[in-house]
Amino acid sequence: MPAYITTPIYYVNDRPHIGHAYTTTVCDVWARAMRLRGEDVFFLTGTDEHGVKVEKSAAAKGVTPQALADENAAEFQRVLKVFGLTNDDFIRTTEPRHEKQVQYFVKRLLDAGSVYLGTFEGWYDEGQEEYYTETRAKELDYKSPISGRPLTRATEQNYYFKLSSFQKQLEDFFAANPDFVQPAARRNEVLGRLRDGLQDVPVTRTNFTWGIPFPGDEKHVIYVWIDALFNYITALGLGEPGGALATERAKYWPAAYHVIGKEILWFHAVIWPALLMALELPMPRRIHAHSFWIADGQKMSKSMGNFVDLPTIEGYFAKYGLDAWRWYMATQGPLQASDSDFRAQHFHETYTSDLVNVVGNCPSRVTAMINKYFEGKMPADSQAGGEWPTKCAAAVAQWNAAIDELDLVGAAQAAMGLLREVDAFIHRTEPFKLAKDPARAEELCSILAQCAETVRIAGVLLEPFLPAKMAELRVALKQDDGAPLSKRVAWGGLAAGTVLDKCALFPRLEA
RNA sequence: GCCGAUGUAGCUCAGGUGGUUAGAGCGAGGGAUUCAUAAACCCUAGGUCGGCGGUUCGACUCCGCCCAUCGGCACCA
């Protein structure tokens, strides 16, 4: 089954920070999990490079917008490498392949009558070259917040998208697809706003030029948001039917899972589906809008200067390793409706209690006993696994169900639960005592074989989260990673006699 | 201002069509033990379940009001 996982494309006017890292890491864990199951995954990320902000930043720096975009896009790509992310493509909105297709789609919207030329009238700040909404203008007492000069009433011709005409169709779609927007709290927000009624939205601007020219009326450029949304299908070549890209990738639409931050929900949950409806393209499967990281109880903001930035993140890599970072992102992050607090102490505690004490320690004690009592050779199990094959199968089922729902915490818990059960089993059966009694050797063999095999299976389930460390575990257990999940989690993968190395995966660290 | 949510142990959160001693994980304190990364294991939380009022034999669970926090309110990438 094809599966298409996307991050938002990141605005090149920003520097990479924890927000970008988080979304991309979540998608990466998910993509790896799906690939592990043998699904045909296409994982996309990229950069959004047009718009007035980029134009202005570039002018301030005395470079062309393209040069600025090139530089910052390269930085985002470098970061992906540092994070070990496994995206299958990286799309940039200034690439010809994207621009051409966006023009094709916009032309189609125009031809279909879904886009029309209209007049916009509003409160305009001449100094800032910006329009304000009525509410905002009133708040500002109809004066520019920067210059203090009165706002003027200005009109502008823009092309509009007939969002309003999709009201009914959207309502029906949401009713028929209750899981389309996740989590439920976000869906309710969308439904609430939808009830207030939809207005048409402008899809072009004329007050700057750094954008894709509107086909047939080139003093207009396509508004960045519209430009950006189309990346999800231009990357698949849907705007060039029959083209090389489409031949290879069209199969991934509509199996799309858009993972986004909650700040851009409206565009993805309403405008994007409406655009697709207008183009008569099928809807993506799901929009998952996660929440935000806050830092030490404080909202992160540019003005506060308290973003967890790249140097900070790289500090965590240096101390705890990349896998520990992924673990913290995936299991402690704001994937549901409320924000998560990023705290150094919490990071350390999570590392110690999950990774050192369980994921590290459990394989360590099992491999140590096998080394001590059997010279490292996997003992034979005369009990054919006892209850463990059933337990493992249940954990795998739980893991699969969680992955289906992008429930990374649930998937992690399914795997961790197995290791905790192994710990409890060792506590209960006391193999280290049986080892002193030659009459109970057979029992000892079974216990340790069952432990080792369960550790192996739990390790497979943890691979999407901890790819580097679970690769170490595989080496210690003399396994390879070629086969699909169902085969790899089948009971009995560790043959008797296989020499298992002692392993210590996560070193204990000082806070 | 409008719409919507949340407020339960130090922290993060479960929970209940109202009914004896309100739960988990983590942290903290204590214990016992050694196969292991002083790890796994056992014991310990006296938290007015945000406040006030109402309904009720009885509310943390229902209703009202209030307070606090958070999210959304469209041209913002």
Side-chain angles (χ1 to χ4, degrees), chain A residues 8-14 47-54 93 120 122 130-133 135-136 138-139 156 158 160-161 163 184-186 188-193 195-205 211 223-229 261-267 270-271 289 291-292 294 297 299 332 336-341 343 345-346 348-350 352-373 413 416 419-420 422-436 444 447-448 451 502-509:
Chain A
I9 49 176
Y10 301 119
Y11 202 51
V12 284
N13 215 36
D14 290 335
T47 40
D48 180 11
E49 308 189 0
H50 290 123
V52 69
K53 286 189 187 173
V54 173
T93 57
F120 173 79
E130 267 186 87
Y131 282 92
Y132 296 113
T133 59
T135 333
R136 178 74 179 139
K138 198 170 175 183
E139 262 174 38
E156 190 175 304
N158 277 321
Y160 281 80
F161 172 56
L163 182 61
R186 296 275 98 87
N188 290 340
E189 271 174 29
V190 173
L191 291 179
R193 272 182 75 182
R195 271 194 295 275
D196 292 342
L198 294 171
Q199 292 173 25
D200 292 349
V201 291
V203 295
T204 62
R205 311 307 301 261
Y223 183 49
V224 269
W225 253 112
I226 303 302
D227 169 0
L229 283 168
K262 63 185 176 182
E263 81 281 14
I264 54 178
L265 178 60
W266 185 250
F267 293 92
V270 174
I271 296 176
S291 304
F292 296 149
I294 58 176
K299 190 178 268 193
Q332 304 296 321
Q336 298 305 313
S338 50
D339 295 347
S340 295
D341 198 3
R343 283 179 296 127
Q345 191 193 341
H346 188 224
H348 184 81
E349 286 170 3
T350 303
T352 302
S353 63
D354 289 351
L355 300 181
V356 177
N357 293 353
V358 179
V359 182
N361 187 58
C362 179
S364 168
R365 65 197 305 206
V366 170
T367 54
M369 281 189 273
I370 290 174
N371 271 269
K372 197 160 179 175
Y373 310 142
Q413 277 173 348
M416 291 283 281
L419 296 178
R420 290 184 198 279
V422 168
D423 277 332
F425 184 59
I426 292 171
H427 176 251
R428 198 166 61 242
T429 58
E430 301 181 308
F432 41 89
K433 286 188 181 163
L434 298 183
K436 293 171 185 161
L444 175 66
I447 289 167
L448 289 182
C451 288
K502 271 168 83 166
C503 62
L505 298 171
F506 293 95
R508 186 165 301 277
L509 296 171

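By convention in this document, chain letters (A, B, ...) are assigned in the order of the sequence lines, proteins followed by strands, and residues within each chain are numbered from 1.
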When we call it a touch if two heavy atoms are under 4.0 Å apart, what does [X] touch: a base, just sugar-phosphate, or nothing?
X        : answer
A/Leu265 : nothing
A/Glu263 : base
A/Gly197 : base
A/Glu349 : sugar-phosphate

List the residues meeting side chain to side chain contact (heavy atoms under 4.5 Å, CB included) with [X], not counting sequence neighbours, and say none if there are none.
X        : value
A/Asn158 : A/Phe120, A/Glu156, A/Tyr160, A/Pro202, A/Thr204, A/His220
A/Asn188 : A/Leu191
A/Ala337 : A/Pro183, A/Ala185, A/Arg186

List the residues meeting ring-ring contact (aromatic ring centres under 6.0 Å, His included) with [X], not counting sequence neighbours, and say none if there are none.
X        : answer
A/Phe161 : A/Phe166
A/Phe267 : A/Trp225
A/Phe292 : none

What are the two closest heavy atoms between [X] and [Y], and how far apart are they?
X        : Y        : answer
A/Pro363 : A/Val358 : CD-O, 3.7 Å
A/Val270 : A/Leu198 : CG1-CD2, 4.0 Å
A/Arg508 : A/Thr352 : NH1-CG2, 3.7 Å

Round to a whole Å and report the spacing from [atom1] of [X] to [atom2] of [N].
X        : N      : atom1 : atom2 : value
A/Lys262 : B/rG4  : NZ    : P     : 19 Å
A/Phe267 : B/rG72 : CZ    : P     : 13 Å
A/Trp266 : B/rG71 : CH2   : P     : 19 Å
A/Gln336 : B/rG71 : CD    : P     : 17 Å
A/Arg195 : B/rG72 : CZ    : C1'   : 13 Å
A/Gln413 : B/rA24 : CD    : P     : 16 Å
A/Asn158 : B/rA74 : CG    : P     : 18 Å
A/His50  : B/rC76 : NE2   : P     : 18 Å

[atom1] atoms of [N] and [M], separation to the nearest Å:
N      : M      : atom1 : result
B/rA68 : B/rG10 : P     : 23 Å
B/rC52 : B/rU8  : P     : 16 Å
B/rU21 : B/rG47 : C1'   : 14 Å
B/rU69 : B/rC62 : P     : 24 Å
B/rA36 : B/rA59 : C1'   : 49 Å
B/rU12 : B/rU34 : P     : 39 Å
B/rC63 : B/rG25 : C1'   : 34 Å
B/rG18 : B/rA22 : C1'   : 14 Å

If only atom types and distance count, is the side chain of [X] paired as donor or acceptor with the main-chain N or O of [Y] below 3.5 Å?
X        : Y        : answer
A/Asp200 : A/Leu163 : yes
A/Ser364 : A/Gly360 : no
A/Thr93  : A/Glu49  : yes

### For RNA chain B, stems built from three or more consecutive Watson-Crick or G-U wobble pairs below 3.5 Å
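Expected stems, ordered by start: B:1-7 with B:67-73, B:10-13 with B:23-26, B:28-31 with B:41-44, B:50-54 with B:62-66.
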### Closest-nucleotide ordering on RNA chain B, the 5'-leading residue of A/Thr350 and A/Gly192
A/Gly192
#### Entry: First of A/Leu163 and A/Ile264 reached from the 5' end of RNA chain B, by closest nucleotide
A/Leu163
Look for any protein N or O under 3.5 Å of an N or O in nucleotides 28-32 of chain B and output each such pair with its distance, or none.
none

Please tabulate the protein-to-nucleotide N/O contacts below 3.5 Å involving nucleotides 10-15 of chain B, giving atom names and distances.
residue, atom, partner, partner atom, Å
B/rC11, O2', A/Arg343, NH2, 3.3

Show me the donor-acceptor pairs, under 3.5 Å and distance only, between side chains in residues 427-436 of chain A and residues at least two apart or in other chains.
residue, atom, partner, partner atom, Å
A/Thr429, OG1, A/Phe425, O, 2.7
A/Glu430, OE2, A/Lys433, NZ, 3.1

### Message
Would you compute the distance between atom CD1 of A/Ile426 and atom CD1 of A/Ile447 and round it to the nearest 0.5 angstrom?
### Response
9.5 Å
### Message
Restricting to salt bridge (Lys or Arg N to Asp or Glu O under 4.0 Å), what partner residues turn up for A/Lys262, sequence neighbours left out?
### Response
A/Asp339
### Message
At under 4.0 Å between heavy atoms, how does the protein contact nucleotides 33-42 of chain B? Give one character per nucleotide, 5' to 3', with B, S or -.
### Response
--BBB-SSS-
### Query
Counting only heavy atoms not in A/Glu263, do more than 12 sit closer than 6.0 Å to its CD atom?
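Enclosed.
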